[in-house]
Structures are given as structure tokens and as C-alpha cells.
Number of protein chains: 4
Amino acid sequence: MRSDTREGAPVKAKRVPRAQREQQMLDAAVRIFSRSGYHAASMDEIAEACDVSKPMLYLYLGSKEELFAACIRREADRIISAFASAADPSLDPGEQLFRGLTAFFGFVAEHRESWIVLYQQARAQGEPVVEDVTAARHEVVTAVTALLRRGIREAAGERTRADGEDTGPDRGEAAAMAQVIVGAADSLAGWVLDTGPEPPEETARRLMSIIWIGLEPRLRGARYEG
Amino acid sequence: MRSDTREGAPVKAKRVPRAQREQQMLDAAVRIFSRSGYHAASMDEIAEACDVSKPMLYLYLGSKEELFAACIRREADRIISAFASAADPSLDPGEQLFRGLTAFFGFVAEHRESWIVLYQQARAQGEPVVEDVTAARHEVVTAVTALLRRGIREAAGERTRADGEDTGPDRGEAAAMAQVIVGAADSLAGWVLDTGPEPPEETARRLMSIIWIGLEPRLRGARYEG
Amino acid sequence: MRSDTREGAPVKAKRVPRAQREQQMLDAAVRIFSRSGYHAASMDEIAEACDVSKPMLYLYLGSKEELFAACIRREADRIISAFASAADPSLDPGEQLFRGLTAFFGFVAEHRESWIVLYQQARAQGEPVVEDVTAARHEVVTAVTALLRRGIREAAGERTRADGEDTGPDRGEAAAMAQVIVGAADSLAGWVLDTGPEPPEETARRLMSIIWIGLEPRLRGARYEG
Amino acid sequence: MRSDTREGAPVKAKRVPRAQREQQMLDAAVRIFSRSGYHAASMDEIAEACDVSKPMLYLYLGSKEELFAACIRREADRIISAFASAADPSLDPGEQLFRGLTAFFGFVAEHRESWIVLYQQARAQGEPVVEDVTAARHEVVTAVTALLRRGIREAAGERTRADGEDTGPDRGEAAAMAQVIVGAADSLAGWVLDTGPEPPEETARRLMSIIWIGLEPRLRGARYEG
DNA sequence: CATGAATGAGTATTCATTCAT
DNA sequence: AATGAATGAATACTCATTCAT
């Protein structure tokens, strides 16, 4: 045991193994990126924030762009698994969506930085970074789309096709719906962050109240007719 | 006819009156900002794009930040008036929303750059610029909120208050709904831009099909109950 | 006439037109590059040496590599025209070579930096720069080769071809000879720079004494036979 | 047989004795230096190329500069001994030179990297390294000079001094001649490397054909007289 | 009204070098 | 004998902004 356990000068945590350091770096980077945006964030700032010299940052993460991409990746994985692990596939689609959204709003409340970096920062960057982000967003949308498609199929099974006409949603529309849900959830998440906290279930219920009540009939073939 | 007609070199359009020049500058700026993001866009780039020297840019618009703010302002005004002028207040809220959304999707399809700058770029910027943007975005949301509040009041009038309990949306929820609509519209607008064009009415109907079918009962007090 | 002609604080020569500034920059760059080598030379250093800020340097010359290439180009042109304008084509090849070499050694003595940058620095750099240099060097060698080929043709005219065998130099060998001359001249130029000055004619005569005395018979077909 | 034979991973050759490791390091260093030049070469690169950690590199060779010096030393020794061991002092100077040059061209063909580092890289470096190099290069030139001086003495012995005037080469000129030879040989070596291989004797003969035919009379007092 | 010339203050990135193990 | 972890100090390059004309 070290003799200076009783705490003297701020002991610099040194000789940290690589895997751990990389996580520290990503933590700091997500924080800074979410605060100032990709371009405004400086590598100096990030390096200082994780108490490491810039060369280490570059040695481990390669470049600013790669660092940003790594952040995106990590946060996207987190968010997707939060959503996915909440949506028990044995439940019906509406219930799954509700639980998924609850998990999502819970995650965003707790990791607002992750969310900001992933959705707001990410979409605003020009050419180089945009693709990593689009890809990540796409995964989220895909997860939701899958959910909806199952709902559509089930609803279609129940639908009468006596007249041979099926006014229910097609493949493309499921995608559009997913976009609506994700966009709405994003926007609502931002609103909650701004207006003050509320339990994630509450936020999820808000969204479901608007979306699902319309979505469910839509899955059965109803349309808005001006 | 100009006296120097005999000179064959590409005559630079000179001596343009201020008001016009400013518009040219804003046009270029919106284009560049939307393409590369606020930080990545350079004043050199913008100056070149509107064929004006940088000193003129600064003389007329003050600074990069002010220039960005001016862009935001102009585009926000455009979009709000597009939305507002479509929503004839004599119609019922659903119809208004439908027409407003149609106008909105039409505008975004034609001026995608305006929308990108206003909605995506704007949210991503750090401290200095954020306020201008939040304000502008707020105006859009406010317009929608106003619409919804009217719908709520009307619906409330029809609602029976026998039991004294009103499960209909309160003031805050109207704002949440507006967020949902704007977020969903944004997301859908992006999707349409990516997937290929379709008539704005069609996109608006998509959104209404999902949102309004649920929104309308919600206005009357229905809730999603898990 | 300006009123402060009597010299006060070191008046910064400002507002210099572009063409002139570019020359100043090249002057400084050649000086620094020749002194420290391509990599060791820093743009800061060069900027300071020509009393201009770095942004100007980059605005006008593009990048370190382009700047170096521009130096190479300018100095190569100078040296080639010095050599070429001295070698009056109406004279016989030996005399031309002598005059060309005299001009060359004179040039090198006066512009040692040009020479160093062109020959010594240039050859030592890795991939990116090497080609500009090789090209420049090639031009010099080509000029000499042309000279020699004329000599060869003339000598061949005088040669007896009774036995049908021509042991005189072929095309390839003229190139080899040119390499020898240029290499020797280069080396000798370096030696003169190190050992102290002597009139260029003297150096040229040294080289001719060694080279031409052997070259001339060689042009006529003589060979060293071990 | 090693006891850990059962382990299939590529076993890093460890515990190599110092002397051998140093040679491996020098091998790698010469390769890298010749490829990229002194400054552009990085210690990381070199360390990786000889599969050793940087601390070892520093422990054994001291610093980048010392490492470069060590390269220069080793390669200079190699080349000088190649030249020297070929030039049997019992032969006459012309023959010695021919054999020396043959050995030289042979060496360069086989160890082009050694030569590049020694001759081209070396001359281009600024202050710190230059001296090591100049010294090494000087040794090569000295070896040639010695040869020539013997030739001069012998020739002088044969020369008539009836008129008391000796137009033969003095000490300084022997050095100049050596420079010419070395420079020409270098240039020719480069040419051969570029144009495709030929037997070293052939290249040596080329050079002798040009140089010696003139050099030999020059040793006897002949001069080029314009 | 209009601009070519000019810069102070950054930013990402790299390198030679050294501990602590 | 050997190395993963770590850094101080440079370096190329860019940008928002301002004079002098």
C-alpha cells in the first residue's frame, strides 16, 4: 500500500492501461462534443478534460474525426441496446413501442450528452462525419421499423379483404412512420431536457397518446382524409 | 446601353444597391452554411460565393455570427409565413394543420437549404449562436402550439364535465404536442429529401394519418393506457 | 517624397503588390531551404525572413511543398538559361561546353543558395518533392546531352568507316557522358564553395582539362581498355 | 528445442544479443533514412521496422542523430573498404582506379541504400549532422586523392624539367580531380540505377573512357587551353 | 461603392524522447 | 533484456477580421 494514501497533492492517475484510458477519452470527448459541437471542440480541450496529453489521444484514437466517429458508435450502441433490451418481442407491438420509448427517454434523461452528440451535433456536420451518423441513426430507425412491420402484418391478418383493396400501410410507409416516431421522440426528448425532468414513462405515454392512438387504426388501414 | 460595351471581358456586375447585395449575401451564406455547417463554413468561401470582397461582407453584415443570425431570421420568417398564410383561421384546426403542413413540406422541398440551416445546423451550435436559433425555432413551435390550443379549447367546449375531471391536455401538453409535430415533420421532411420527391400534400397526409387520428381524440381527452 | 525620409523606426515596407511579394518570398525560401534543408526549414522561419505573416505565404504560394517546388522551378530556370545563353551554338562543342561551364560555375559562385537548393537539398527529399527536382535536373542534363550529340555527329562525320566498325559513342553513351559532366561539375562546384573562391574560368578549365581531353578522343571512338 | 513449442502464436525472436540487435537496427535505419531522408524518417518507423521498442533503440544507439551518424560510419567503412581492397597498390594508378571504380559500382548496385544515405542524404542535412557526413565523404575522396597523388608523382618523375616550369597538377588539383571522379561516379551510379543494370566493369569502363584518357595526360602536365 | 493586402490567434497533428514496470 | 504508457515542444496550415487605397 502506498504511504501517501492520506491524499497529498492531486495525484495524477498514471500508467492506466489502454482499454481503460480509451473509455476515459471517449467520456471526455462526448462531453465536450455535446457541449460545443464538433468543430468548436478542440483536441486540446478534450485532452485536458481527460487529463491526458494530446499525443496519447492521437495514439489511441487516431484523429479528431475518428474520435468523433468512435463517440457516435459507442453512444449509438448504448442507445440501441437500451431500446432493444426493453422491447420484449413476446409482447404486442404497441406495448413494445411503449417500453422501448420509456427506455429511450430514460436513457436520454440520464445521458443527455450521449443523446446530444448523437442526434443534434451529428446531423449538423458537413460531409466527412455525416455518414457515420446517418448510419447510426439508420440503425435506430430500422429497429423501430421492424417493430411496425410486425404490427402491420398482424393487423393485416385481421383485416377483411373482401373488396380486394388494402388501404393499409405498405413497406415504404412503415419507414415513414418510423421516421415520424424517431423524429417525434427526438424532439420530445429535447423538449423534456429543456423544460425540466419528468419520469420517462410519462414522456413515453405523452408520445404514445399522440402517436399510437393514430398509428394503431392506421395499421388497420384508416387514413386521414383532409 | 452601357458606354463600355466595346470591352469584351466578363463585366463584373458592379454598383449593386445595398439592399440587393445583402440579399445576395444571405443567399450565398444560407447555401454554404447548410452545406458545411456554421463552423466549417468560412467567410472566404461565402464572400467568393456571392462574388463580393470580404470587406463588403463585413461592412454589410457585421460578423460571421451576425451573418448567421441574419440567415436564421430571414429563413425563419419565410417558413413561418409560409405556414401561417396557409392556415386560414376560419377553418377547423385539423384542416388548418393539414394545410400548414402541406405548405411546410412544399417549402422544405423547394428551399431545403433554408430548412437545414434553420433546423439542423441551428440546433447544433454552441453557446454564441444558439439563442438566435432557439428563438426562431420557438416561433415555429409557437405557431403550431397556438393552433393546437384553439383545438383544445374547442374540444373542451364540447366535452362533458359531468364528473368534474378533465383528462384533456393542459397548457404544457399543447407545447409537447407541438414539439412532436414539428419534430415529426422535420424528420419526415428529411426522409422525403433522401428517398425522393413526392407531392407535399401526400407527405402532409402521411403525417396527419399518424398524428391527427391520434391527436384529435387526445384533444377530446383520450389517453394511451399502456 | 515622404517626410520621414531621414529614417525613424524600421519602416515596415507595406502594401507590396503581389508579384513583387512573391519574389521576396521565394528569395527568403531559397535562402532558408538551402541553409537547413526542406524538412528542417519551418514556414515560420521563412515567413519571418521575408517579413510577412504566414497567411500571406500560404495565400500566395499554397503550401510548403508548393513553395519548395516554386523555388526549384525558379532556380532551375535561372541556371539553365545561364548555361544556355553562354553556349553560342555557332561555336564548336568543346568551346560551347567550356563557356557553358564557365557560366555555370560563375552562377553557382554568385548564387550558391540557388545551387544548393537545386542540387543537394532537392535530391535528398523523399517521395513528394523528388519529382519536381528530378525533372529540373533532367533539363540540365538534357541541355548537355544535346551538346554532346552534336559533337558526336560531327566527329562521326570525320571518322573513317573503312572497317565498318564504329566504336564511337552511341545515343545511350551520350547520356552517360552528360551525367558524368553534370555530376563532376556539381561536385566541383561544391568543392569550390568549400575551399574558397576562384575565377569561374579557372574551375571550368580544371574540369575541361580532365573531361574534355578524354572526351574529345572518346567522341572520335577511343576507349579505355583496362 | 524451446520448451514453449506448444504455443502456436508467432514467437517474437527475443533475447537477441546486443551486437546483433545493433546491426538489425542499423539495417532498418539505413533503409528508412535512404527512403525518406533524415528528417522525414521517424524513430517510430525505424523501431517498428526492426521490430524493437523505441526504448531499446535509444538505449543502444543514443539518439536520432547518433543513430544517423552510426549509419553513415558503417556504410562509409563498407564502401571505403570495398574500394580500397580492390585497388591493389602494386598495380599502376590507372588500373587501380579502374578496379576501385568497378568495386564501387558493384557495391552501389548491390547496396543502393547505403550509397544514398551516404552521399545524397548526407549532404543535404543542416548543421547538426553535416559534419559526420562531410568527414565520411572526405575519407572516400581522400582514398581517391591518394591514388592520384601517386600517379602525379610517378608522372612527374618522368616529366622533363628542362624549362624549370611544371604545369602538372599541384596538391590542390589532385583534390579537385578526386572531386570530379567521385562526383562523376556518383552521378553515373545514379544513372545506372535509373536506366537499368549493367555489369559494374562496363560502368567503370565508361567512366574511365571519359576521365582517364584525359586524366592521364593531365597528370603529365597537359591542359585544356580553351 | 469596392477591394487587394495583411495578420493575430488559433487548430490538428507529429516527433524525439523518457519513465515505470 | 525489454516495453507499454506518457509527454513537451514543434509544425503546417486556416480563419475571422481589418487597413490602406
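In what follows, every chain begins at residue 1, and chains take the letters A, B, ... in the order their sequences are listed. The figures that follow rest on heavy atoms only: side chains count, while hydrogens, waters and symmetry mates do not.
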**Student:** How long is the line joining CG of D51(D) and P of dA2(F), in whole Å?
**Tutor:**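 My rounded result for the distance is 11 Å.
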**Student:** What's the CG-P distance between L61(D) and dA16(E), to the nearest Å?
**Tutor:**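 Distance check: L61(D) CG to dA16(E) P gives 14 Å.
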**Student:** Round to a whole Å and report the spacing from CZ of F68(D) to P of dA16(E).
**Tutor:** 13 Å
**Student:** With distance as the sole test, does E45(A) use its side chain to make a donor-acceptor pair with the main-chain N or O of S42(A) at under 3.5 Å?
**Tutor:** yes
**Student:** M43(A) and L57(A): which non-hydrogen atoms are nearest, and at how many Å?
**Tutor:** O-CD2, 3.8 Å
**Student:** Under 4.0 Å, counting only non-hydrogen atoms across every strand here, what does A41(C) touch: a base, just sugar-phosphate, or nothing?
**Tutor:**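 Contact class for A41(C): sugar-phosphate only.
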**Student:** Roughly, in whole Å, what's the span from NE2 in H39(D) to P in dA16(E)?
**Tutor:** 9 Å
**Student:** Would you mind telling me which of dC15(F), dT11(E), dT17(E) lies closest to the side-chain atoms of S42(A)?
**Tutor:**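 The nucleotide sitting nearest to the side chain is dT11(E).
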**Student:** Using a heavy-atom cut-off of 4.0 Å across all strands, would you classify R18(C) as base, sugar-phosphate, or nothing?
**Tutor:** sugar-phosphate
**Student:** Taking the side chain of V52(D) as heavy atoms from C-beta outward, which of dT7(F), dT3(F), dT17(E) is closest to it?
**Tutor:** dT3(F)
**Student:** Counting only side-chain heavy atoms from C-beta out, which of dA5(E), dC19(E), dC1(E) sits nearest to Y60(B)?
**Tutor:** dC1(E)
**Student:** From the list dT17(F), dA16(E), dC1(E), which nucleotide is the closest neighbour of the side chain of K54(B)?
**Tutor:**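 Among the listed nucleotides, the one closest to the side chain of K54(B) is dT17(F).
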**Student:** Donor-acceptor pair, S36(C) side chain versus F33(C) backbone, under 3.5 Å?
**Tutor:**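 Not at all, since once roles are kept as given, no pair shorter than 3.5 Å links the two residues.
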**Student:** Any strand counts, and the cut-off is 3.5 Å on both contacts for Watson-Crick or G-U wobble. Which nucleotide pairs with dT14(F)?
**Tutor:**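 Its partner is dA9(E) (Watson-Crick or G-U wobble, both distances under 3.5 Å).
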**Student:** Measure from the side-chain heavy atoms of M43(D) and tell me the nearest of dA12(F), dT17(E), dT17(F).
**Tutor:** dT17(E)
**Student:** 5'-most contact on DNA chain E: L59(B) or Y58(A), nearest heavy atom basis?
**Tutor:** L59(B)
**Student:** To the nearest Å, how far apart are L67(A) CG and dT11(E) P?
**Tutor:**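 Taking atom P of dT11(E) as the reference, CG of L67(A) is at 16 Å.
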**Student:** Which one, dA2(E), dA2(F), dT13(E), comes nearest to the side chain of R21(D)?
**Tutor:**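 That would be dA2(F).
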**Student:** Write down the distance between CG (D44(B)) and C1' (dT3(E)), rounded to a whole number of angstrom.
**Tutor:**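 From D44(B) CG to dT3(E) C1': 13 Å.
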**Student:** Quick one: does NZ or CZ of K64(A) land under 6.0 Å from the six-membered ring centre of Y58(A), within 45 degrees of the ring axis?
**Tutor:**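 Pair K64(A)/Y58(A) does not count as cation-pi.
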**Student:** Assuming nearest nucleotide by heavy-atom distance, tell me which of M56(C) and S53(B) is located more 5' along DNA chain E.
**Tutor:** S53(B)
**Student:** Is there a Watson-Crick or G-U wobble partner for dA20(F) with both distances under 3.5 Å, and which nucleotide is it?
**Tutor:**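 dT3(E) is the nucleotide pairing with dA20(F).
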**Student:** Can you tell me how far P of dG10(E) sits from CD of E45(A), to the nearest Å?
**Tutor:**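 Spelled out: CD on E45(A) to P on dG10(E) is 13 Å.
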**Student:** Between the side chain of Q23(A) and the main-chain N/O of Q20(A), is any donor-acceptor distance below 3.5 Å?
**Tutor:** no
**Student:** Quick one: E65(C) CD to dT11(F) C1', roughly how many Å, whole number?
**Tutor:** 15 Å
